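Every value quoted in this text rests on a predicted model; they were computed, and no experiment measured them.
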Amino acid sequence: MSDKSEPSVLERLNRTFGPLAGAMILDLVDLASIGPLGIGGFFIGIAIGWWILSIYDISRNTRIMLALLAGIYCLVPFTEFIPVATLISAIARYKQRDGKE
């Protein structure tokens, strides 16, 4: 017997698809920041980056740094049509072992 209870279906779905969905949203914000969002894409990118990183067990300082990088990603020109965040998230999920983060 194990002291750990089984995670709920919602927890398992969030763990499986949350980072990928978040990365896809980040890529969409990057695409939208070319026009209607402009500099606002930076702040939205930070917020989405923070949410994606909340799924992982990493230090607060690392989380802040990576969230800032997500915001910068949304500001960098010519990244709009390259789904970098989605690709990185998919590769990271693929390379995980034993279902652990």
Side-chain angles (χ1 to χ4, degrees):
M1 284 205 228
S2 173
D3 292 333
K4 272 178 118 175
S5 64
E6 279 291 312
S8 71
V9 171
L10 187 57
E11 290 170 332
R12 289 172 52 203
L13 286 173
N14 184 45
R15 187 188 174 290
T16 302
F17 296 109
L20 189 58
M24 292 170 76
I25 292 169
L26 186 61
D27 283 328
L28 287 173
V29 168
D30 184 36
L31 181 63
S33 67
I34 195 172
L37 292 180
I39 192 77
F42 174 71
F43 298 107
I44 296 170
I46 289 174
I48 293 170
W50 186 264
W51 170 68
I52 294 167
L53 295 163
S54 71
I55 296 170
Y56 300 101
D57 185 27
I58 56 175
S59 72
R60 185 172 184 247
N61 289 339
T62 302
R63 197 168 161 190
I64 290 169
M65 182 183 64
L66 292 173
L68 285 171
L69 285 174
I72 291 168
Y73 167 66
C74 290
L75 279 180
V76 173
F78 307 114
T79 60
E80 292 83 15
F81 302 106
I82 305 168
V84 174
T86 303
L87 292 171
I88 290 171
S89 182
I91 290 167
R93 294 309 265 178
Y94 175 77
K95 289 192 172 259
Q96 284 181 341
R97 297 181 185 178
D98 301 318
K100 295 181 182 174
E101 298 179 74

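Residues passing the side-chain contact (heavy atoms from CB on, under 4.5 Å) test with Ala70 are Leu26, sequence neighbours excluded. Judged as a side chain to side chain donor-acceptor pair (under 3.5 Å), and not counting sequence neighbours, Ser54 has no contacts.
Contacts classified as side-chain hydrogen bond (donor to acceptor under 3.5 Å, both in side chains) and involving residues 74-84 (residues at least two apart or in different chains) are given here: Asp30-Thr79.
Nearest approach of Cys74 to Gly45, heavy atoms of both residues: SG-CA, 3.9 Å. Scanning all heavy atoms of the two residues, the minimum distance from Tyr73 to Ala85 falls at OH-N, 3.9 Å.
Ile48 contributes atom CD1, which lies 7.0 Å from atom CD1 of Ile52 (distance to the nearest 0.5 angstrom). Atom CD1 in Ile46 sits 10.0 Å away from atom CG in Leu69 (nearest 0.5 Å).
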Just list the side-chain donor-acceptor pairs under 3.5 Å for residues 60-67, sequence neighbours left out, or say none.
unit_1	atom_1	unit_2	atom_2	d
Thr62	OG1	Ser59	OG	2.9
Arg63	NH2	Trp50	O	3.3

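When hydrophobic clusters are built by joining Ile, Leu, Val, Met, Phe, Trp and Tyr residues whose side-chain heavy atoms come closer than 4.5 Å, directly or via intermediates, Val29 is not grouped with Leu87.
By the 4.5 Å heavy-atom criterion applied to side chains, Ile72 and Val76 are counted as neighbours.
Grouped with Leu20 in one hydrophobic cluster are Met24, the linkage being side-chain heavy-atom contacts under 4.5 Å among Ile, Leu, Val, Met, Phe, Trp and Tyr residues.
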